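Reviewing the structure listed below.
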Amino acid sequence: MTDTQDATYSGPERVFSGIQPTGNLHLGNYLGALKKFVDLQEEGWDCVYCVVDLHAITQPQDVWGGPALIASHTRQIASAYLAAGIDPKKSIVYAQSAVPAHVELAWIFNCVARMGWVERMTQFKDKAGKDAERASVGLFTYPVLQAADILAYKATHVPVGEDQKQHLELSRDIADRFNRDYDAPGFFPLPEPLIKGPGARIMSLKDGTKKMSKSDPSDLSRINLVDDADLISKKIKKAKTDVLGDMPSDTEGLEGRPEVENLVGIYSAITGDSVEAVLKQYGGQGFGVFKPALADAMVAHLAPITARYREILADPAEIDRVLADGAARADAIAAPIMHEVRELVGFWRA
Ligand code: AMP
Ligand code: TRP
């Protein structure tokens, strides 16, 4: 092991990300992740987008639906990828469990990552709750599998929401430690999170200090990707604001107003207008003006996606073709990398 690892990764750049096949996607998933996936594809990046079903089984059956539902949830997320604009000819779309490299590299990384690093992960503490002793070992080592997902493809850039920042830091630590431990400077890239933008942290419509989440018991707290126009308008109308008056006209005026900041951020993420521009346009006006405008923008953007989603979902054979083709292409990238990893680790080969 050396201390100086100046040699940095110099291979090709690649984008990797994944979403779990649990429950319905909401606006936070769309703006924090999916929309960015599409934007990166359109910018010409080499993109690999995974449905992370191995991650889904880290929590009990009632969370992810059990064996009867997991494959159908995988098809749902794959359909959402396609409906949002991911083109399976340009990007790779596949199910994690269909490519063996994830599990194999995760094991090797379990032996590279240190207990102390993984114990710091706040998502484990949140998900395990009070009774961490009863959580699965898989839930504990979940972020190590996530590092393996990314690095099995030597991915350099990872679009995710803000909540994944800590996991990405762990991925970088694991990549760096592997490179040092196996005396392979620059073998794995240190993957960079792509988190920027107003969509990175979408908050609950009922509480501007809590993130929008599929586990919130109130459906009014989130916009689901399958909500129709009426429901979206109703949820925006009922979204919490505050008693501090009309819309502010600059970003300073958003301080201490998390609900308003969230709605403005959503508008900005959806329309592509900067937060400043949105405030300039609506500053001084009441929510009776801004909220309908926000609902309209949301419906205009989401309705075609929802319609495509339903269409794609109605043809499971086509989704399965996309997933099978994606798995073969993903495996063709990961298999030679795993071959090198095995050599570096020193496993037997005839
Ligand atoms: P999950 O559904 O937890 O697998 O999340 C899938 C992706 O959506 C990840 O990149 C998350 O960071 C992102 N995400 C989830 N909730 C939010 C949110 N409220 N705001 C922004 N991004 C989110
Ligand atoms: N942990 C991510 C989430 O909860 C999902 C995920 C698994 C992921 N593997 C990944 C995201 C690799 C980015 C890259 O949202």
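None of these values were measured; they are calculated from a predicted model. Just so you know, ligand 1 is whichever comes first in the structure, and atom 1 is the first atom listed for that ligand.
The side-chain heavy atoms of Asn224 and Leu231, taken from C-beta on, include no pair separated by under 4.5 Å. In this structure the side chain of Pro191 reaches within 4.5 angstrom of the side chain of Ile150, judged on heavy atoms. Using a 4.5 Å heavy-atom threshold, the side chains of Gln96 and Val51 count as separate. Considering only heavy atoms from C-beta on, Ile108 comes within 4.5 Å of Phe347 through its side chain. In this structure, Asp250 and Glu276 have side chains that are not in contact, with every pair of non-hydrogen atoms separated by 4.5 Å or more.
Within ligand 1, the atoms closer than 4.0 Å to a non-hydrogen atom of Gln20 are 4 (O), numbered from 1 in the order shown. If you number the atoms of ligand 1 from 1 as listed, the ones under 4.0 Å from a heavy atom of Gly32 come out as 21 (C), 22 (N). Within ligand 1, counting atoms from 1 as listed, the ones closer than 4.0 Å to a heavy atom of Gln164 are 12 (O).
Here Ala200 has backbone heavy atoms under 4.0 Å from ligand 1, and that is the only part of it that gets that close. Here Arg201 has backbone heavy atoms under 4.0 Å from ligand 1, and that is the only part of it that gets that close.
Within 4.0 Å of atom 3 (O) of ligand 1, not a single protein heavy atom is present.
Aromatic ring centres of Tyr94 and Tyr49 lie farther apart than the 6.0 Å criterion allows. Under the 6.0 Å cut-off for aromatic ring centres, Phe16 and His157 do not qualify, their centroids lying 6.0 Å or more apart. Aromatic rings from Phe109 and Phe188 are positioned such that their centres are separated by under 6.0 Å.
Cluster annotation: Val299 is connected to Leu34 through the hydrophobic network of ILVMFWY side chains, with a link wherever side-chain heavy atoms come within less than 4.5 Å. Tracing side-chain contacts under 4.5 Å through hydrophobic residues (I, L, V, M, F, W, Y), one never reaches Leu190 starting from Tyr182; they form parts of separate clusters. Ile77 and Val160 are not part of a single hydrophobic cluster, where members link through side-chain heavy atoms under 4.5 Å apart. Tracing side-chain contacts under 4.5 Å through hydrophobic residues (I, L, V, M, F, W, Y), one reaches Leu294 starting from Val289; they form part of the same cluster.
Among protein heavy atoms, atom 16 (N) of ligand 1 sits closest to His26 CE1, 3.5 Å. Of all protein heavy atoms, the one closest to atom 15 (C) of ligand 1 is Asn29 ND2, 3.2 Å. Shortest contact from atom 22 (N) of ligand 1 to any protein heavy atom: Gly28 O, 3.1 Å. The protein heavy-atom contact nearest to atom 19 (N) of ligand 1 is Ile202 O, 2.8 Å.
Remark: Glu343 engages Arg349 in a salt bridge, criterion side-chain N to carboxylate O under 4.0 Å.
Near ligand 2, Phe16, Ser17, Gly18, Gln20, Val52, His55, Tyr142, Gln146, Asp149, Ile150, Val158, Val160, Gln164 each place a heavy atom less than 4.0 angstrom from the ligand.
The shortest heavy-atom distance from Gly199 to ligand 1 is under 4.0 Å. For the pair Lys214 and ligand 1, a heavy-atom separation below 4.0 Å is found.
The option with the heavy atom closest to atom 10 (O) of ligand 1, from among Gly161, Ser204, Ser215, Pro159, is Gly161. The closest heavy-atom contact to atom 12 (O) of ligand 1, among the options Val51, Asp163, Val160, comes from Asp163.
In this structure, Phe287 and Pro292 approach most closely via the heavy-atom pair O-CD, 3.6 Å.
By the 3.5 Å distance cut-off applied to N or O atoms, Ala33 is not counted among the residues near ligand 1. Of the N or O atoms in Lys211, none lie within a sub-3.5 Å distance of an N or O in ligand 1. Annotation: Gly18 places no N or O atom under 3.5 Å from an N or O atom of ligand 1; distance criterion only.
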